[in-house]
Trainee: 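Next up is a structure, given as structure tokens.
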There are 2 protein chains.
Amino acid sequence: MILSPSHIIRLRLDILCLALTLCILNFSCKSELKTDAKAEVKTETKNQKPVLSLSNSEANEIKELLNSNEILNNSFEEQKTKADKAIVNGIEVPVPKDPGGGYSHEKHKRNYGEMYAAGIAYMITRDSKYSEFVTNMLLAYADMYPQLPLHPKRKENHPAGKLFWQGLNESVWLVNTIQAYNLVSDAISPEDKKTIENNVFRKVAEFISVDSKKTFNKIHNHGTWAVAGVGMTGYVLKDQDMVDRALYGSNKDKKTGFLKQIDMLFSPEGYYSEGPYYQRYAMMPFMLFGQAIQRNQPDLKIFEYRDQLLGKAVTTVLQLTDENGAFFPFNDALKEKNYLTSELIFASNIAYAYYNDSSLLPITHEHNKVSISGAGLSVAKALQNFNAREYEKKSLLITDGKDGNDGGLALLRMPNLQRNEKLTTVFKFASQGMGHGHFDRLSLFLYDGKQEIIQDYGAARFLNVESKQGGRYLPENKTWAKQTIAHNTVTVDETSQFGANVKASSEVSPKLLFSNVRNKDLQIVSAKEENAYDDIAMQRTIALVEGKNSEQPPFVIDVYRISSANKHQYDLNFMYQGHLMETNFEYLKANTLSPLGTKNGYQHLWKLAEGKSDHNLATFTWLNKNRFYSISSLVSEDSKMVFSILGANDPEFNLRNDASYMLRENDKKDHVFVNIIEPHGNFDPKLESVQNPHSRVKHIQLLFSDENYTIVKAIFNNNENYTLAIVNNNHDPHKKHTVTVEDQEFQWTGNYNLKTN
Amino acid sequence: MILSPSHIIRLRLDILCLALTLCILNFSCKSELKTDAKAEVKTETKNQKPVLSLSNSEANEIKELLNSNEILNNSFEEQKTKADKAIVNGIEVPVPKDPGGGYSHEKHKRNYGEMYAAGIAYMITRDSKYSEFVTNMLLAYADMYPQLPLHPKRKENHPAGKLFWQGLNESVWLVNTIQAYNLVSDAISPEDKKTIENNVFRKVAEFISVDSKKTFNKIHNHGTWAVAGVGMTGYVLKDQDMVDRALYGSNKDKKTGFLKQIDMLFSPEGYYSEGPYYQRYAMMPFMLFGQAIQRNQPDLKIFEYRDQLLGKAVTTVLQLTDENGAFFPFNDALKEKNYLTSELIFASNIAYAYYNDSSLLPITHEHNKVSISGAGLSVAKALQNFNAREYEKKSLLITDGKDGNDGGLALLRMPNLQRNEKLTTVFKFASQGMGHGHFDRLSLFLYDGKQEIIQDYGAARFLNVESKQGGRYLPENKTWAKQTIAHNTVTVDETSQFGANVKASSEVSPKLLFSNVRNKDLQIVSAKEENAYDDIAMQRTIALVEGKNSEQPPFVIDVYRISSANKHQYDLNFMYQGHLMETNFEYLKANTLSPLGTKNGYQHLWKLAEGKSDHNLATFTWLNKNRFYSISSLVSEDSKMVFSILGANDPEFNLRNDASYMLRENDKKDHVFVNIIEPHGNFDPKLESVQNPHSRVKHIQLLFSDENYTIVKAIFNNNENYTLAIVNNNHDPHKKHTVTVEDQEFQWTGNYNLKTN
């Protein structure tokens, strides 16, 4: 937020009011002050040193508030304790030698964290031991850096660093270290400043922006870290050319650089194409550099840029989390990561400070920590009178692609009234998401409250665990986690979408056909993918339905329509979490286990059992944390139901032993998978009672399907029934449709219709 | 507790004091009142109706306190709401027809719960709609019961009921229903009373105590439910013969009956031989009947009986829980069960009321509910000024057997200072525990804080889940869960202990050799089992050690010594929970999976991999909830390390897919397994940092082993080392021992010695 004249007047009035009340009696107008002070992030006057995140006056205010503001005090004490420990341990700047996880790698990472902490400690305490620590460490870097070759453990086909095996780490080092330097620079002698600026910052910035130009100009999070580091360094060194290259690209032609990254990497809603796990990581340089730009070139109105894109991006990444706060684990993602991560403390603090968006306060409250910065100060003050409430997660349609035309994501959330929890369905029809993307188009996943019910595997990786290939992505990430069969979508002929070719997949995206996520009783999204396989068009429609009987939880109608001129095998897989309770069909379990297939991820699944049904409804029920779930499927006598468990061809125990249930159709041209996915009961171990352990679905019918319409009907045990009509072509919310099936006429207006009896 | 004259005087003084203060000013002497009022459970005077759990005066006091005592109010409201709903739904007493989980079964269960709730509601509100509900339902039972044959779905070789397929359920019905009747009987006409008493209670009591005499006289929890129901009925019907048969057995010769059950079913510390899962269940009739005896025959001093055995039994079952409050899942046990279960609300309330044992209050506080009874009233009053604190779990040696000579259990608990949590090792060397016992002698399990690290499988059962064989024990409970290989102990020649014969196993027990569980730095227990296999003697010594470096978590030294005149295969299995991270040995994973064996549980394990080591230390490290654990084992070139996963020969998906790691020794006569089991690090997903991912153990040595002594040494990476000397024979805590190994002389006093360098 930019301070307008009216804001300044209100601010002054508030300050006057505060002064008066403090003088007269023990009664303050704090709450009014708070409201507007939220946005109080001052632009420093020109004759002071440039400021990246924390000005002298902000530091003074923080110092004054430490006694009365617990969160601020704790956050500061954490930094100060870290700095104190670092000073006791002494300075060590080792010659770069080890890869990720190794000693020199971890030491250089620790060094920037400690310099940053000491910088904070100096700003608040003004104790010179902190500034000396930063200065001396930077002088040690100044001694070493100019002579450094490329890192000895650099990887082929991967941009190298000098301090680190990867160039990315070098940029992160710079983002942190330039802030540390900025915080203490007042206390450094002109001579040392010169040494440090010339031998460290200019050298590192040159390495990143010139020697590693390709990465620097990349429209990618590695590029963002690079331009953020270099741009912030430019402000501190008062080198506008450096800043301009960061903002507009090496050639300053705006074809690359920070603004172009904002243009290209986000959808209009602020979705970052690599997905939430990487968005979390990317938001840190986006917001830190954004903050530095706002403070040093306020005329650029960076936080207003592209219709307040940076603010939207913070909100969107927070919405892309489950009820534990963990990021939806699609693409390469570690499930352990949630919004309590330090990157999102910085990002949400800055977003709050500049957008004055109080919807973020529940998150910052959960953080129980702020960044020691002007932004963190705003948050800490706002939290002082904040009544804890939950962060509001909404049903959202989030488009992908810079223009919002490259498919997207639907987050369908519906309260489960009985349990005071939400049922959440994620439907992914987004673009590839670059190198960390998975071949998972039209995939679905389901959460009940805090539990994963139908999961996305996430990434095959044990981050920073040395024994698991140095903590890098494991080979099984490529051979399993990225493959289509690892996802809750259809794999054709045991081959992944686009033949698992990133380049081919990146060129085209699925398309949203229609959606309505605002309805209380019915949230529905339909998307199509026509390029993943040569001769196949696929359309999936996901509807989250609150049934007639509101004592029962909502359920999902899943209609997956495939058309092709040729015969294929279609495998619709569900990676369910839990324990099989019952099926309404016979199956045979194997006495020796063999892999389900030989390639494209199939080689990693042990085939446990195969079943067939002699009627046209296949029901599979499982238990997850004392709750029952069922998938009821329209099948024929030729359909196969296949159970498998992950872990085959996994020589080093890299994979989890997760379960899956697959509906397999052979020799089909056109096919429509119709499934009802329902939570439906629970086991109470205290009372030893079981409620509704069986699926409520009695029949599923495919009433009609052609290129224009699909009509399905689900009939429940109590004869409640739901008829869903879907328009497959020429979508128009106002168009009237009529379909006659046998004697029955179906009429409706718009892209879909759900009729309930 | 019995009210002594001094108690009564103090009580009167308290009441006077209260009255005075309430009159004079708004200041009360509540806290002093509370202290003694805890034990205020009045013996009703002779001319009133007999009381089982709640007298009129107690009911009046509860009514008065409802406004001011939230826990009492909520507990009462729960009962009242249940009764109100039941009245709205009307009375239905179906003809018995269905087995467990079926409609008539569940309905009769619900009926007694609703009658009990209505009885409570009547006592507090005196609203006749509640007494009428109970009366009318009992009249309906009176109409039906006398004509009932044995239940049509009774099981062969299982005592049958009439209302229920199992006699046990009939007893439970009676325990609940006689209380309901007792609560409302004042309001029933003499004529109806006669009908109900003659056609229901005398008939049911006769069926249970005469027709089903065998169960009634059983020293077993089914017997306890039977005598409790009949004995309580005897008090209410003023039929002392009925009471005496319940107390002293059918023949009133004290060879069976309640007192004999107390004598025989518990060890001196109050351990119930079936294990904690069934002890939880058994404590309800023990305590309810105990309470009824105390109120109606106080001279029997039942709560003092056998050195306050009933009180000890409540404490012991509460101590036999993990940090989640779940019962240690040995023998047939469901892991979902914890001390919040209703049986333990009754039992802990009664124990608190009669023993005035404030150590129970944290549990009753966690219950957040009391029974609506005199005992519950005492607890509710005590909780009003209770400051929440954790229930104190201790390191305990709990003997088994009525004289404490049949082995036992060791609970070793040591704080993990870094994490402010406890490491808990359970060592089981108890008797068979009757029909629900497992063949698990000398088994070990490990918990870190709230996490299971090395688990006991528990029972193969989905309680009350109809689709899983009606919720009964599954076939795999016998073929897997009870077998020795399912436990963390040694299986010889792929055969379970005692050939899985309960009768043979019940005749002999393991023996405790020595123990010390009170030491801060070292808790140690040694036990032997010499009967499980014909020609084999086994001794296991478990030591929980706080290392020299208190920044590292405690670790376990596990020395398992086997001697035999003949050659055997010894399999020491560990059912670890988590994901394999690394081994220091090579292994080969199979490309098709086959079962590890053909019988005795082996048929259920898929063999995943087998490894061998070319040096004498095998290290296996796994990750559980972001923490690292290792088992380091002394091995030879002939040792095999086998990885498997559960689920083979499991045609209906009844088993969980749990992992195991086995040390296998072939063709050995004598052998000593020496293992160090250590937690040693963690992964912090927020910081993305990994600490201590590798085992700290560098060498393990077996310095000496014969029939008299075993001496082992573990050397850590930092050269810290631990030498543990164990006496195998002639145990005496004061005896001096000298062993010379090569040039080194080991001298110590007592049954063990740990030397640390």
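Protein chains get the first letters and strands the later ones, always in sequence-line order, with residue 1 at the start of each.
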Trainee: Please flag which part of A:A609 lies under 4.5 Å from any non-hydrogen atom of chain B: side chain, backbone, both or neither.
Mentor: side chain

Trainee: Taking the basic N atoms (NZ, or NE/NH1/NH2) and the acidic carboxylate oxygens, is any pair closer than 4.0 Å for A:K686 and A:D684?
Mentor: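 Salt bridge between A:K686 and A:D684, a charged N being under 4.0 Å from a carboxylate O: no.
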
Trainee: Can we say B:K589 and B:E610 salt-bridge, meaning some charged N sits less than 4.0 Å from an Asp/Glu carboxylate O?
Mentor: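 Salt bridge between B:K589 and B:E610, a charged N being under 4.0 Å from a carboxylate O: no.
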
Trainee: Can you tell which part of B:N591 gets under 4.5 Å to a heavy atom of chain A, answering side chain, backbone, both or neither?
Mentor: both

Trainee: Are any non-hydrogen side-chain atoms of B:T479 and B:H604 less than 4.5 angstrom apart?
Mentor: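 Counting from C-beta outward, B:T479 and B:H604 do come under 4.5 Å.
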
Trainee: Heavy-atom distances under 4.5 Å only: say whether A:R110 touches chain B with side chain, backbone, both or neither.
Mentor: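 Interface part for A:R110: neither.
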
Trainee: In terms of heavy-atom pairs under 4.5 Å with chain A, which of B:E336, B:E582, B:H579 leads?
Mentor: B:H579

Trainee: If you count heavy-atom pairs within less than 4.5 Å of chain A, which of B:W606, B:F628, B:F462 leads?
Mentor: B:W606

Trainee: Check A:K82 with A:E114, please: is the shortest side-chain N to carboxylate O separation under 4.0 Å?
Mentor: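 No.
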
Trainee: So which part of A:N626 gets closer than 4.5 Å to some heavy atom of chain B, the side chain, the backbone, both or neither?
Mentor: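 Contact with chain B: side chain only.
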
Trainee: Please rank B:S342, B:A659, B:P693, B:P651 by heavy-atom pairs under 4.5 Å with chain A and give me the top one.
Mentor: B:P651

Trainee: In terms of heavy-atom pairs under 4.5 Å, which option from A:T341, A:L687, A:D650 contacts chain B the most?
Mentor: A:D650

Trainee: Nearest 0.5 Å, what's the CG-CG distance between A:L596 and A:L646?
Mentor: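 Rounded to the nearest 0.5 Å, the CG-CG separation comes to 11.0 Å.
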
Trainee: Does the side chain of A:N324 pick up a donor-acceptor pair with the side chain of A:N338 at under 3.5 Å?
Mentor: no

Trainee: Of the backbone (N, CA, C, O) and the side chain (C-beta and beyond), which part of A:E688 lies under 4.5 Å from a heavy atom of chain B, both, or neither?
Mentor: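 Both backbone and side chain.
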
Trainee: Any side-chain donor-acceptor pair under 3.5 Å between B:N654 and B:E476?
Mentor: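 The answer is yes; a qualifying pair exists.
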
Trainee: B:E652 versus chain A, heavy atoms under 4.5 Å apart: side chain, backbone, both or neither?
Mentor: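 Contact with chain A is through both the backbone and side chain of B:E652.
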
Trainee: With no hydrogens and no angle check, do the side chains of B:T619 and B:S630 hold a donor and an acceptor under 3.5 Å apart?
Mentor: no

Trainee: Given a strict heavy-atom distance threshold of 4.5 Å, which part of A:N464 is in contact with chain B: side chain, backbone, both, or neither?
Mentor: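 Both the backbone and the side chain of A:N464 come within 4.5 Å of chain B.
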
Trainee: Where on A:I645 is there a heavy atom nearer than 4.5 Å to chain B: the side chain, the backbone, both, or neither?
Mentor: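 Side chain only.
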
Trainee: Can you tell which part of B:L623 gets under 4.5 Å to a heavy atom of chain A, answering side chain, backbone, both or neither?
Mentor: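 When you check distances to chain A, only side chain atoms of B:L623 fall under 4.5 Å.
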
